[in-house]
Amino acid sequence: VPAVHTNEEYETFVENILSAAKRSTIDHITKAHYPPVFDGSKGYTNNYERAVLTGGDIIIGCNAAALSSAFKNASAYVFDMSPGIHGQDTAYTFYTPNQKTSSFGLINIGPVNQTVAFVIQDYILSHAKHGILNSSVDGLSSIPAFREQAKAVHLTDDNITISRDPPSPRCQW
């Protein structure tokens, strides 16, 4: 996301992503779904964070939610590991114990959480073999289908839980 400091820069950012959208659509997105409220209650405290959230939802989050909603038994997970760099989960997907982890770029993502890495690897294998997310490491008794209230596995450094997929409510519009 480019440097976005003002409401005007934010609106231009949204216009550039949704270049075919009508002005009324841009206004609805920038005022109703991502209003200039910077107290943290909307998930951002400045226009840059607002642009990051909006861009992430438009480009990735809403598309993932739509795809997950399209299939009856689809499951989903939210990879919520700091520092939150796109592609960071690659280090978890290809994690091998006792091997140096590549930073995959110029930003050091820090050490890989081995538990989360094993859970992601289990999910990939169980999905390929059985069409479901399953891991003996995640501590969850079951993983609901996404369509059931947009539930997803939430992977963080501290825990693995079931939660509502963050962008889904904003994506319903």
Could you tell me if the side chain of [Y] sits less than 4.5 Å from the side chain of [X], heavy atoms only?
X: Phe118; Y: Ser136; answer: no
X: Arg50; Y: Pro36; answer: yes
X: Asp80; Y: His154; answer: yes
X: Lys151; Y: Asp165; answer: no
X: Val153; Y: Tyr123; answer: yes
X: Ile26; Y: Leu18; answer: yes
X: Tyr92; Y: Val119; answer: no
X: Ile162; Y: Pro144; answer: yes

For residues [X] and [Y], report the shortest heavy-atom separation together with the two atoms involved.
X: Cys171; Y: Gly61; answer: SG-C, 4.3 Å
X: Ala76; Y: Phe146; answer: CB-CD1, 3.7 Å
X: Pro97; Y: Gln114; answer: CB-OE1, 4.3 Å
X: Ile17; Y: Gly55; answer: CD1-CA, 4.0 Å

Hey, what do you get for [atom1] ([X]) to [atom2] ([Y]), rounding to the nearest 0.5 Å?
X: Leu133; Y: Ser142; atom1: CG; atom2: OG; result: 11.5 Å
X: Thr45; Y: Asp39; atom1: OG1; atom2: CG; result: 9.5 Å
X: Ser75; Y: Asn73; atom1: OG; atom2: CG; result: 7.5 Å
X: Asp27; Y: Lys31; atom1: CG; atom2: NZ; result: 4.0 Å
X: Thr25; Y: Glu15; atom1: OG1; atom2: CD; result: 11.5 Å
X: Thr54; Y: Tyr44; atom1: OG1; atom2: OH; result: 6.5 Å

Cluster question for you: counting only ILVMFWY and a side-chain heavy-atom cut-off of under 4.5 Å, with indirect links fine, are [X] and [Y] together?
X: Val1; Y: Ile58; value: yes
X: Ile124; Y: Val78; value: no
X: Tyr77; Y: Leu67; value: no
X: Phe38; Y: Tyr10; value: yes

Counting only N and O atoms by type, is there a donor-acceptor contact under 3.5 Å from the side chain of [X] to the main-chain atoms of [Y]?
X: Thr96; Y: Gln99; value: no
X: Thr90; Y: Gly87; value: yes
X: Asn113; Y: Thr115; value: yes
X: Arg147; Y: Ala70; value: no

- Got a sec: does the CZ of Phe71 have more than 12 other heavy atoms crowding it under 6.0 Å?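 No, because the 6.0 Å sphere around CZ of Phe71 holds 12 heavy atoms or fewer from other groups.
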Do [X] and [Y] pair up side chain to side chain, a donor and an acceptor below 3.5 Å, judged on atom types alone?
X: Ser135; Y: Asp122; value: yes
X: Tyr34; Y: Asp57; value: yes
X: Thr156; Y: Asp158; value: no
X: Gln121; Y: Tyr95; value: no

- Task: Evaluate side chain to side chain contact (heavy atoms under 4.5 Å, CB included) for His28 paired with Arg23, printing each intermediate quantity in order.
- Result: CA-CA 9 Å; His28 185 78; Arg23 182 73 229 172; over 6 Å; no
- Item | Non-neighbouring partners of Thr6 that pass side-chain contact (heavy atoms from CB on, under 4.5 Å), sequence neighbours left out |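 For Thr6, the residues satisfying side-chain contact (heavy atoms from CB on, under 4.5 Å) (neighbours in sequence not counted) are Glu8, Glu9.
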- Message: Any carboxylate oxygen within less than 4.0 angstrom of a Lys/Arg side-chain nitrogen, looking at Lys42 and Glu49?
- Response: no
